[in-house]
Amino acid sequence: MSTTTPAVAPKAVRPPSDLQERARKAKKKLTSPWASMIAVVIALAWTVPTFGLLVTSFRPELDIRQSGWWTVFGDALAGEGVFSLRNYEAALFSRSTSLIDFFVNSFVITLPAVFIPITIALLAAYGFAWIDFKGRDILFVAVFALQIVPIQITLIPLLRAYVDTGINGTFWPIWLSHSMFALPLAIFLLHNFMRDIPRSLVEAARVDGAGHVKIFFQVILPLLVPAIAAFAIFQFLWVWNDLLVALVMGGTDTFPLTVRVAELAGSRGGDWHVLSAGAFISILVPLVVFLALQRYFVRGLLAGSVKG
């Protein structure tokens, strides 16, 4: 008695969706040889000057004046390469430069200027995303439109307000200015991430008796960690490297590192050994922060970009 196996119908192949097709085309463009070559050129254009600044910062003053930084490779092969930490000692602790005080000021300015807008933006974004109130859409559009207001036109009115209230010359004008300038973008980004959270998750928490406070801290906030980290890194880099706001709103005792390095470039432009060390000190912290937290930065930028 012969047995026959039943024929299995072939599975229907579903055509790729529009989202999958766009992802395939984007991947093809990004992995093309031309895209890779352009990425390498851009990386070299950013890396070579930074590496040259690093090498120069360790060279003695006489060597800097006599030859370029690229000559250190030949000197090293010949056994004549000389490197020293004297430039950093002069930049940080010399009475004429004293960058260590401004270095501390940069941290005092940056950390609150990151924490304040994130805290306010989280509450505002939750209100726009999950609380129904009259005029919500109009107010959200108005907040989003504030991103196109140039910072320069707001500096003088803000400075007059700080002088009238008597807080000029302290850290408060710098903290408040950076927070106000960052709030529109922070609210917009965090609102978009909150809107990507499934509504059923929030409704289930409401059925269990959770109010807005409990939903915000126990349901919404844990899911926003990548978005918060991404904006925190972006804001940290922006505030640390800022010169305009700190120069206008700050005072002699509150100037950050960027202001002092700019003064060195103007008043001591010939002292390349001190200037190169000071410039690398100013970029060291942002470089470390970005390299250490770049995976959170990329994850936060990509979170919520694709649904399904």
Side-chain angles (χ1 to χ4, degrees), residues 38-111 113-114 232-247 250 252-298:
I38 293 174
V40 170
V41 171
I42 295 175
L44 288 175
W46 280 89
T47 305
V48 172
T50 305
F51 180 74
L53 180 67
L54 174 62
V55 173
T56 303
S57 66
F58 286 102
R59 300 183 71 201
E61 179 182 2
L62 184 60
D63 291 349
I64 295 175
R65 296 182 183 276
Q66 290 180 345
S67 59
W69 64 267
W70 52 87
T71 61
V72 298
F73 301 105
D75 296 339
L77 293 175
E80 299 176 356
V82 178
F83 294 97
S84 173
L85 293 175
R86 291 182 180 178
N87 298 340
Y88 287 92
E89 293 177 1
L92 288 172
F93 305 110
S94 175
R95 183 174 299 179
S96 58
T97 55
S98 186
L99 291 183
I100 189 65
D101 297 332
F102 300 91
F103 188 78
V104 174
N105 285 350
S106 292
F107 275 105
V108 175
I109 290 172
T110 303
L111 296 181
V114 172
I233 296 169
F234 180 81
Q235 179 71 356
F236 183 94
L237 299 179
W238 173 265
V239 176
W240 182 277
N241 294 320
D242 170 72
L243 173 64
L244 178 62
V245 175
L247 188 60
T252 305
D253 297 330
T254 61
F255 280 150
L257 193 59
T258 51
V259 175
R260 185 54 180 157
V261 171
E263 291 178 353
L264 289 178
S267 62
R268 304 187 60 173
D271 295 339
W272 285 101
H273 61 295
V274 177
L275 184 58
S276 60
F280 196 80
I281 291 171
S282 67
I283 70 173
L284 182 61
V285 172
L287 189 64
V288 171
V289 169
F290 182 77
L291 292 178
L293 303 177
Q294 61 177 334
R295 60 193 182 103
Y296 298 103
F297 184 73
V298 175

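For the single chain, residues carry numbers from 1 onward in sequence order.
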_Using the rule given for salt bridge (charged side-chain N to carboxylate O under 4.0 Å, His left out), can you reason through R86 versus E89, listing the C-alpha separation, both sets of side-chain angles and the distance that settles it, and then say yes or no?_
CA-CA 5 Å; R86 291 182 180 178; E89 293 177 1; over 6 Å; no
For residues [X] and [Y], determine if any side-chain heavy atom of one lies less than 4.5 Å from a side-chain heavy atom of the other.
X    : Y    : value
R59  : T71  : yes
V55  : W70  : no
S106 : I109 : no
F103 : V285 : yes

_Side-chain (N105) to main-chain (D253) donor-acceptor, under 3.5 angstrom_ =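 The answer is yes, because a donor-acceptor pair under 3.5 Å joins these two groups.
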I need the [X] [atom1] to [Y] [atom2] distance, nearest 0.5 Å.
X    : Y    : atom1 : atom2 : answer
F107 : F236 : CZ    : CZ    : 5.5 Å
F280 : T56  : CZ    : OG1   : 11.0 Å
R260 : I281 : CZ    : CD1   : 12.5 Å
Y88  : L284 : OH    : CG    : 7.5 Å
T50  : L287 : OG1   : CG    : 7.5 Å
F102 : L92  : CZ    : CG    : 12.0 Å

What's the shortest heavy-atom distance between [X] and [Y], and which atoms?
X    : Y    : value
W240 : S282 : NE1-O, 2.8 Å
V274 : A90  : CG2-CB, 4.3 Å
L54  : S57  : O-OG, 2.6 Å

*Taking only residues two or more places apart in sequence, or in another chain, which ones meet N241 in a side-chain hydrogen bond (donor to acceptor under 3.5 Å, both in side chains)?*
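For N241, no residue satisfies side-chain hydrogen bond (donor to acceptor under 3.5 Å, both in side chains) once neighbours in sequence are set aside.
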_Other residues, nucleotides, ligands: >12 heavy atoms within 6.0 Å of W238 CH2_ =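 12 or below, so no.
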_Any residue meeting side chain to side chain contact (heavy atoms under 4.5 Å, CB included) with V104, in chain and number order, not counting sequence neighbours_ =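 Checked V104 against side chain to side chain contact (heavy atoms under 4.5 Å, CB included); matches are V108.
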_Going by the rule side chain to side chain contact (heavy atoms under 4.5 Å, CB included), which residues pair with A232 if we only count those two or more places apart in sequence or in a different chain?_
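Here the qualifying residues are V114, I118.
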*Candidates L53, V261, L257 - the one meeting side-chain contact (heavy atoms from CB on, under 4.5 Å) with I283*: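 Going through L53, V261, L257 one by one, the side-chain contact (heavy atoms from CB on, under 4.5 Å) with I283 is satisfied by L53 alone.
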